[in-house]
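As structure tokens, the structure follows; a few thoughts come after it.
A quick note: this is a predicted structure, and the numbers were derived from the prediction, not measured.
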Amino acid sequence: MSAASPATLRVAIAGAGIGVRYARSFQAIPGVEVAALRAATPLRATPAAAELGIGAVYTSVDAMLAEVAPDIVVVATPNDLHRPHALAAIAAGAHVLCDKPLGLDAHEANALLAAAEARGVRHAIPFWLRFVPAVARARALLAGGALGAPVFADVRFLNCGWGDPQGPMRWQFERARAGSGALANIGSHAIDALHWLAGDVVRLAAVTSIAVPERRRADGTLARPDAEDTAAFVGELANGAPVSFLASSVAYAARSAITLAVHCRGGSVTASIDSSEAGSSGRLSVMRRGDDAPRDEPLEPPPPAGALQDAAYAAIARELVEAIRGGRPASPGFADGARAQAVIDAALGAAGSGGWRAVAYAPAG
């Protein structure tokens, strides 16, 4: 741990893309200072740091850890750097918020979980759907048992590919850097929400595809993505209920269009989230046995207007800070990231073999 006062937590951010959102989230918390920002080049880090009022800029995670000695490190770098950057932060004794997916595969994800637990640091992963009011209310209704056991679930996460499904080549379409495509980038959020609402997926059969086989790099050269932009699976929950799942980064839909539906013996819940450049909205419809149609469920407190994802990331930052200050685990943590990765690995394996795969969750603890 750093020598900073327990009343002041110093945060270092690795990554100047989505890392900027994390920085703003932590800056809004009393007693928290965002002390440093790391990016691959000063050209990328310096403008972001100036905008956020961050005084220290680095291109090396190791140098940042050595010189800043942060209490919290946010790993918001490309997926292939999650493991080395998170391990370096853990070794330095820092608490870690690591962007999803936790690793390139379940082996990496479980290694990070084991390292964080062995070092005794708090750890979190930003599965932001848990913090959307409609999803949190759905969880409360399902966990309370009033609707009974799930009989089937349907989960969809459609994304309009950074504003253009046919858009330029990105590292998210490179398997070596991303681990997987749509499954890692957006599917991991939906898989965690499925786990949280309905329980574990124990086996599945999957298909993946690359709908856009050629994209242009920034320099105009042609690239051929090798990570899926669309993935679908059918599976079975722990109680035997079927589940259907679809994630796509090439959908002509809202910037993000998410549907989480769980149908139970005594009713159903359907959380819907739509995001665009203009903002985002979320609603929850509930139908109970005896109702003639689904009805919108009141959400208390009402969701923030137009900024669901920003509010969710702010809540994730607060959750980690409160876990540190309260001496308790943060939720969702690395174990949740490893469980989502186990489903991703099973889906990739099933798509490759054309058969069913059991999901190989690591034993608890």
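- Cluster annotation: Val20 is connected to Val32 through the hydrophobic network of ILVMFWY side chains, with a link wherever side-chain heavy atoms come within less than 4.5 Å.
- Of all heavy-atom pairs between Ile18 and Ala76, the closest is CG2-CB, 3.8 Å.
- In this structure, Phe131 and Pro332 have side chains that are in contact, with non-hydrogen atoms separated by less than 4.5 Å.
- If you check the side chains of Ser256 and Ser275, you find no donor sitting under 3.5 Å from an acceptor.
- Distance alone, capped at 3.5 Å, places no donor-acceptor pair between the Arg217 side chain and the Arg170 backbone.
- Under a hydrophobic-cluster definition in which Ile, Leu, Val, Met, Phe, Trp and Tyr are linked whenever side-chain heavy atoms come within less than 4.5 Å, directly or via other members, Val135 and Leu147 are assigned to the same cluster.
- In this structure, Gln27 contributes its side chain and Leu52 its backbone to a donor-acceptor pair below 3.5 Å.
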*asked:* Test side-chain contact (heavy atoms from CB on, under 4.5 Å) on Val234 and Trp356; report intermediate values, then the result.
replied: CA-CA 9 Å; Val234 293; Trp356 285 82; 4.2 Å; yes
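- Electrostatic pairing of Asp345 and Arg357 does not count as a salt bridge here, judged by no charged N lying under 4.0 Å from a carboxylate O.
- Between the Tyr361 side chain and the Val201 main chain, a donor and an acceptor come within less than 3.5 Å of each other.
- Residues Val343 and Phe233 form a side-chain contact, since some pair of their non-hydrogen atoms from C-beta on lies under 4.5 Å apart.
- Placement of Ile186 and Tyr313 within a single hydrophobic cluster is found when ILVMFWY residues are connected by side-chain heavy-atom separations under 4.5 Å, directly or transitively.
- By the 4.0 Å N-to-carboxylate-O rule, Glu174 lies too far from Arg224 to be salt-bridged with it.
- For the atom pair CZ of Arg83 and CD of Glu108, the computed distance is 5.0 Å after rounding to the nearest 0.5 Å.
- Side-chain contact of Asp219 with Thr221: a donor-acceptor pair under 3.5 Å is present, judged by distance alone.
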*Carefully, step by step, assess Leu222 and Arg216 under the rule side-chain contact (heavy atoms from CB on, under 4.5 Å).*
CA-CA 5 Å; Leu222 193 65; Arg216 294 285 176 181; 3.8 Å; yes
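- Checking side-chain atoms of His85 against main-chain N and O of Val61 turns up no donor-acceptor pair under 3.5 Å.
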*Go through the steps for Glu297 and Leu141 under the test side-chain contact (heavy atoms from CB on, under 4.5 Å), then give the verdict.*
CA-CA 11 Å; Glu297 181 82 1; Leu141 290 171; 4.2 Å; yes
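- The nearest pair of heavy atoms linking Ala362 to Asn110 is CB-OD1, 3.5 Å.
- The minimum heavy-atom distance between Ala89 and Leu65, with the atom names listed, is N-CD1, 3.8 Å.
- In this structure a side-chain-to-backbone donor-acceptor pair under 3.5 Å is present from Ser60 to Ala63.
- Members clustered with Tyr252: none, using a 4.5 Å side-chain heavy-atom cutoff among hydrophobic residues.
- Gln309 contributes atom CD, which lies 8.0 Å from atom CG of Leu129 (distance to the nearest 0.5 angstrom).
- Both tests pass for Arg215 against the ring of Phe173: distance under 6.0 Å to the centre and angle within 45° of the axis.
- Within a 6.0 Å sphere centred on CZ of Arg21, other residues, nucleotides and ligands contribute more than 12 heavy atoms.
- Between His189 and Trp128, the angle of the ring planes goes over 60°, which puts this pair in the perpendicular group of the 30/60° scheme.
- The pair Asp296-Arg283 counts as a salt bridge, with a side-chain nitrogen and a carboxylate oxygen less than 4.0 angstrom apart.
- Formation of a donor-acceptor pair under 3.5 Å by the Arg10 side chain with backbone atoms of Val68 is found in this model.
- To the nearest 0.5 Å, the span separating CG on Leu260 from CD1 on Ile258 amounts to 7.0 Å.
- In this structure the side chain of Val75 reaches within 4.5 angstrom of the side chain of Val96, judged on heavy atoms.
- Across all their heavy atoms, Ala350 and Ala206 have their closest contact at CB-N, 3.8 Å.
- Inspection of the Glu117 and His123 side chains reveals an N or O donor paired with an N or O acceptor under 3.5 Å.
- Atoms CG and OG, on Leu320 and Ser25 in that order, are 11.5 Å from each other to the nearest 0.5 Å.
- Trp196 is not listed as a side-chain neighbour of Ile191, based on a closest heavy-atom distance of 4.5 Å or more.
- Between atom CG of residue Asp336 and atom CG of residue Leu102 there is a gap of 10.0 Å, rounded to the nearest 0.5 Å.
- Asp71 contributes no side-chain N or O that, together with a main-chain N or O of Leu9, makes up a donor-acceptor pair within less than 3.5 Å.
- Note on Val286: it clusters hydrophobically with Leu197, by side-chain heavy-atom contacts below 4.5 Å among ILVMFWY residues.
- Two residues are said to be in side-chain contact when any heavy atoms from C-beta on lie closer than 4.5 Å; Val11 and Glu33 fail this criterion.
- Side-chain atoms of Asn159 and Ser249 include no donor-acceptor pair closer than 3.5 Å.
- Counting heavy atoms from C-beta on, the side chains of Arg38 and Thr59 never come closer than 4.5 Å.
- Between the side chains of Lys100 and Asn185, at least one donor-acceptor pair of N or O atoms lies under 3.5 Å.
- In this structure the side chain of Leu194 never reaches within 4.5 angstrom of the side chain of Val262, judged on heavy atoms.
- Using modelled atom types, one side-chain atom of Asp164 and one backbone atom of Gln166 make a donor-acceptor pair closer than 3.5 Å.
- In summary, Arg156 and Asp154 engage in a salt bridge, as defined by a charged side-chain N under 4.0 Å from a carboxylate O.
- Checked for salt-bridge contact, Arg295 and Asp292 meet the test: a charged N lies under 4.0 Å from a carboxylate O.
- Considering all non-hydrogen atoms of both residues, Ala253 and Cys160 come closest at O-CB, 3.8 Å.
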*Ile125 vs Cys98, side-chain contact (heavy atoms from CB on, under 4.5 Å): CA-CA, chis, key distance, verdict*: CA-CA 5 Å; Ile125 188 165; Cys98 184; 5.7 Å; no
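- Here Leu104 is tied to no hydrophobic group at all, with no ILVMFWY side chain closer than 4.5 Å.
- The local environment of CG in Leu43 is sparse, with at most 12 non-hydrogen atoms from other residues, nucleotides or ligands closer than 6.0 Å.
- With rounding to the nearest 0.5 angstrom, the CD atom of Glu51 is 10.5 Å from the CG atom of Leu37.
- The two residues Pro133 and Leu299 come nearest to each other via the heavy atoms O-CD2, 3.9 Å.
- Formation of a donor-acceptor pair under 3.5 Å by the Asp229 side chain with backbone atoms of Ala211 is found in this model.
- Judged by distance alone, with hydrogens and angles left aside, the side-chain atoms of Ser331 form no donor-acceptor pair with the main-chain N or O of Gly333 at under 3.5 Å.
- Side-chain contact check for Ser272 versus Thr270: some heavy-atom pair is nearer than 4.5 Å.
- Residue Glu319 forms a salt bridge (charged side-chain N to carboxylate O under 4.0 Å, His left out) with just one option from Arg328, Arg130, Arg325, and that option is Arg328.
- The hydrophobic cluster containing Met169 does not contain Val212, counting ILVMFWY residues as joined when their side-chain heavy atoms lie under 4.5 angstrom apart, directly or transitively.
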*asked:* Evaluate Asp200 against Arg339 for salt bridge (charged side-chain N to carboxylate O under 4.0 Å, His left out), listing each step before the verdict.
replied: CA-CA 9 Å; Asp200 291 345; Arg339 296 184 74 74; 2.4 Å; yes
